[in-house]
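Order of the sequence lines fixes the chain letters, A, B, ..., with proteins taken first and strands second; residue numbering starts at 1 for each chain.
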Amino acid sequence: MFSQKTTSPVEEGKPEVDENQPLLQVRDLSVVFRTREGSAQAVNKVDLDLARGQTLAILGESGSGKSVTAQAIMGILDMPPAEITSGTIKFRGKDLLTMPEKERRLYRGQRISMVFQDALSALNPVYTVGEQIGELFTVHRGMSRKDAKKKSIELMDKVRIPGAAARVTDYPHQFSGGMRQRIMIAMAIALDPDIIIADEPTTALDVTVQAQVMELLAEMRRETGSGLILITHDLGVVAETADMISVMYAGRTVEHGPATKVFANPAHPYTLGLLESMPRLTGAGDRLYAIPGLPPSLLNLPSGCPFAARCPRAEDICRQDPPPPAVEIDGTRFSACHFAEEVVAHGVR
Amino acid sequence: MASAETPAAPAPDTAAADPIMNVKGLVKHFPLRSGVVIKRQVGAVQAVDGVDLQVRPGETIGVVGESGCGKSTLAKLLIGLETPTAGSISLTGREMVGASGGKLKAMRRDVQMIFQDPYTSLNPRMTVGDIIAEPLEIHPDAVPKAQRTERVRELMSLVGLSPEHIDRYAHQFSGGQRQRIGIARGLALNPKLLICDEPVSALDVSVQAQVINLLQDLQNRLGISLIFIAHDLSVVRHISHRVAVMYLGRIVELGDKEQVYNNPQHPYTKALLSAVPNPDPAMRGKGNQIVLEGDPPSPANPPSGCRFRTRCWKAQAKCAEVDPGLELTSSGARAACHFPGDTPSQPEVAA
Ligand SMILES: Nc1ncnc2c1ncn2[C@@H]1O[C@H](COP(=O)(O)OP(=O)(O)OP(=O)(O)O)[C@@H](O)[C@H]1O
Ligand SMILES: Nc1ncnc2c1ncn2[C@@H]1O[C@H](COP(=O)(O)OP(=O)(O)OP(=O)(O)O)[C@@H](O)[C@H]1O
Ligand code: SF4
Ligand code: SF4
Ligand SMILES: [Mg+2]
Ligand SMILES: [Mg+2]
């Protein structure tokens, strides 16, 4: 199985790390896009932690900075137009942002890997899936093409592609959407990374394939102890898989805590609104709740709380002063709200 | 738009009314090119293979099904973006298949589409006004040139966009607003039928709720019919009057939403509903999920008899021999299964 470390000498291509340091620690991360109209503050002083074997779900408004945060961690942000204006991204204690690109490249794929939303455009249409998976082993592990092909088949078996040995020479377009997504996962786990970032891995999939893909990711985590960052709009998927939840709004983390607590008893008015907007499989028919109004322009963020214009709990102080970035609640979670304790205790109404 | 307090439309009592669209035996096969993979014989991807569907005035039909089962292809056939291999699509009594020139153009006006991705389906170099006016340019007789700007402003307010923003570019809007631009464009020609292909999949649940409420308001006000394709079964349940479940190019179950959701008849519908994740972490691991074995067969080479039989836990010898038709079941819905609902599947011959 691939999870047992191969002993090939090129394994040294994997950067050495101090296992005693925290797996991932993002502090004060800010990303700005320089555009024609001005500077868009896409990510604003974000903190994020991920432990070994843990699943962290990032939820939030469309355009709130989830994918940009993921791209910054993965080191694939387009700079320019993006610019990282503050922060550190520490992997096992080493700041990925300050290390030279030559060193950083060793982390990408080997220590941290990513599954993208759209598997079809992430795979190269002119190479077989076997060539694409195999390349990881020839490049990073110095394997022969023959051994790499064997590895590819092993991985395709692992992600349950039926008849893997025959299908390893097929092209991406010959697979269904669900199977392509599983091939992406095969590539993401190929080099036994410590962190997998999955950006809307199941948005394009039906619920039965979605269940298979999520189970597969869970299995990988159990087997290898890697950490998973899961970005999704699907609250059902989050409820079924996440240990911790970070909720983003207008580039900031507005709430962070254990999944059960965040769902049962949100500590930020935006989280409350989001959960309330969800149609339930039971009790259909009535009009859906939707958070009124629009998110603020990232070009011109308000001086107070970015949610104030839409918040049913807002008071004058909210429009004047930014809320404390992390009000601690019962020792386990944080909310960026002036009235965090009240929201936990009484909601917003 | 949050101010409109109209409740969800009741199911229109139009079962008896003439359908606005009548689809019969619709087939779309994509030829498999021989040059790409030499070793495989040339065949055809049976993307849509024999779909019958009647769309009633003012109703919403939800379409759900496995990735790759032919939902988008069906949508493209219905708006005339793809030419069917066989079958007929009649729109308020006029045949669309084989129509051409002015006749086809006139019919296309009545059926419009909203695409899945508001980020890529709008041209970033066009202003919102240009985007919404585009169908009016294609059908210049719809609205006289002098009144087009007025019509665009009217459409913008209809979907809850501020008409002052008519000269802004699409990238200056949020995901939800862009989806509204797409809807305004879809409504520009006063269609009788609006086809929505995963219009909310990429949006957060609050923006999704706004778009769904908007579509329901518009249906109440304008009486249009909707075909709503989505993977999220709770969204489909919320917005639809009837639901069609597709598998491998066919409709395998079709009925009122209560029938389909409360008493699914086709084994695939059952499996699909059981796989919906529960949005409550306290319920984790407590669902009774039916795990489907294996993968969907290739649409280029579907199984004999029932197309679901390679993954069906009820399959019997008969299922491999006889292709089940879409028949009325005890729930009131139609299902393409020899052993629908709780009917035990008995081997025909004792082994
Ligand atoms: N290349 C770019 N130039 C300018 N702005 C950008 C660029 N890429 C992203 N942005 C902006 O950065 C913000 C954050 O985008 P991001 O893709 O992270 O959102 P998201 O939270 O992943 O949203 P979604 O849920 O819709 O995927 C958005 O407002 C977006 O418009
Ligand atoms: N232009 C084409 N040429 C060849 N095959 C095609 C073409 N368009 C679609 N197909 C195939 O037809 C089948 C149906 O595709 P379609 O896009 O309609 O599925 P879908 O139900 O919309 O799936 P999804 O839920 O993933 O969007 C798939 O097997 C697909 O690969
Ligand atoms: S700080 Fe004020 S405006 Fe912001 S979320 Fe809390 S109550 Fe609402
Ligand atoms: S016809 Fe047979 S194989 Fe097909 S769904 Fe019904 S029981 Fe299953
Ligand atoms: Mg994103
Ligand atoms: Mg589709």
Side-chain angles (χ1 to χ4, degrees), chain A residues 37 59-64 117 160-162 169-171 173-174 176-179 200 202-212 214-215 233-242 259-260 262-264 273-281 284-295, chain B residues 1-2 5-8 36-37 40 64-69 116 172 174-177 198 201-210 212-213 216 231-235 237-239 257 261 271-285 287 289-292 294-296 298-299:
Chain A
E37 294 97 13
L59 283 174
E61 185 99 13
S62 305
S64 61
Q117 173 177 349
R160 288 192 218 95
I161 306 276
T169 52
D170 281 354
Y171 292 85
H173 75 269
Q174 292 172 288
S176 77
M179 287 162 105
E200 306 201 31
T202 61
T203 302
L205 305 177
D206 69 84
V207 287
T208 58
V209 181
Q210 168 174 287
Q212 289 175 357
M214 292 316 299
E215 178 50 37
H233 289 305
D234 192 320
L235 298 174
V237 169
V238 173
E240 292 207 332
T241 55
T260 38
V262 174
F263 267 87
L274 200 63
L275 292 177
E276 213 177 326
S277 306
M278 179 170 47
R280 309 254 170 182
L281 202 45
D286 295 333
R287 202 180 165 77
L288 293 171
Y289 173 78
I291 301 170
L294 299 169
Chain B
M1 60 149 290
E5 288 300 325
T6 11
V36 183
V37 196
R40 190 176 283 178
V64 298
E66 190 114 19
S67 310
C69 71
Q116 170 175 358
Q172 293 172 294
S174 74
Q177 288 174 310
E198 304 198 33
S201 307
L203 305 174
D204 70 73
V205 284
S206 181
V207 179
Q208 166 182 294
Q210 288 178 2
I212 291 169
N213 289 343
Q216 287 185 329
H231 285 306
D232 187 325
L233 292 165
S234 12
V235 168
R237 177 177 195 156
H238 184 87
I239 198 168
K257 83 169 158 205
Y261 278 80
L272 203 59
L273 287 172
S274 81
V276 175
N278 191 327
D280 178 2
M283 294 299 292
R284 198 176 288 181
Q289 196 189 324
I290 303 168
V291 179
L292 286 181
D295 276 290
S298 157

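- Proximity to chain B (any heavy atom under 4.5 Å) is shown, for A/E276, by neither the backbone nor the side chain.
- Residue contact with chain B, scored on non-hydrogen atoms closer than 4.5 Å, is absent for A/E215.
- Proximity to chain B is limited to the backbone of A/T241, based on heavy atoms less than 4.5 angstrom apart.
- In this structure, the side chain of B/Q210 engages the main chain of A/I291 through a donor-acceptor pair within 3.5 Å.
- Both the backbone and the side chain of B/V235 have a heavy atom closer than 4.5 Å to some heavy atom of chain A.
- Heavy atoms closer than 4.5 Å to chain B are found nowhere in A/M214, neither backbone nor side chain.
- Residues A/M278 and B/S234 are not in side-chain contact: their nearest non-hydrogen atoms beyond the backbone lie 4.5 Å or more apart.
- For B/I212, the part lying under 4.5 angstrom from a heavy atom of chain A is the side chain only.
- Annotation: maximal heavy-atom pairing with chain B below 4.5 Å, among A/V238, A/T208, A/T202, occurs at A/T208.
- The backbone N or O of A/H233 lies less than 3.5 Å from no partner atom in the side chain of B/D204, so there is not a single donor-acceptor pair.
- Counting heavy-atom pairs closer than 4.5 Å to chain B, the top residue among A/A264, A/G60, A/A242, A/A259 is A/A242.
- With a 4.5 Å cut-off on side-chain heavy atoms, A/D206 and B/V64 do not count as touching.
- Not one N or O on the side chain of A/S277 forms a donor-acceptor pair closer than 3.5 Å with the backbone of B/A209.
- Distance CG/B/N213 to OH/A/Y289: 11.5 Å, rounded to 0.5 Å.
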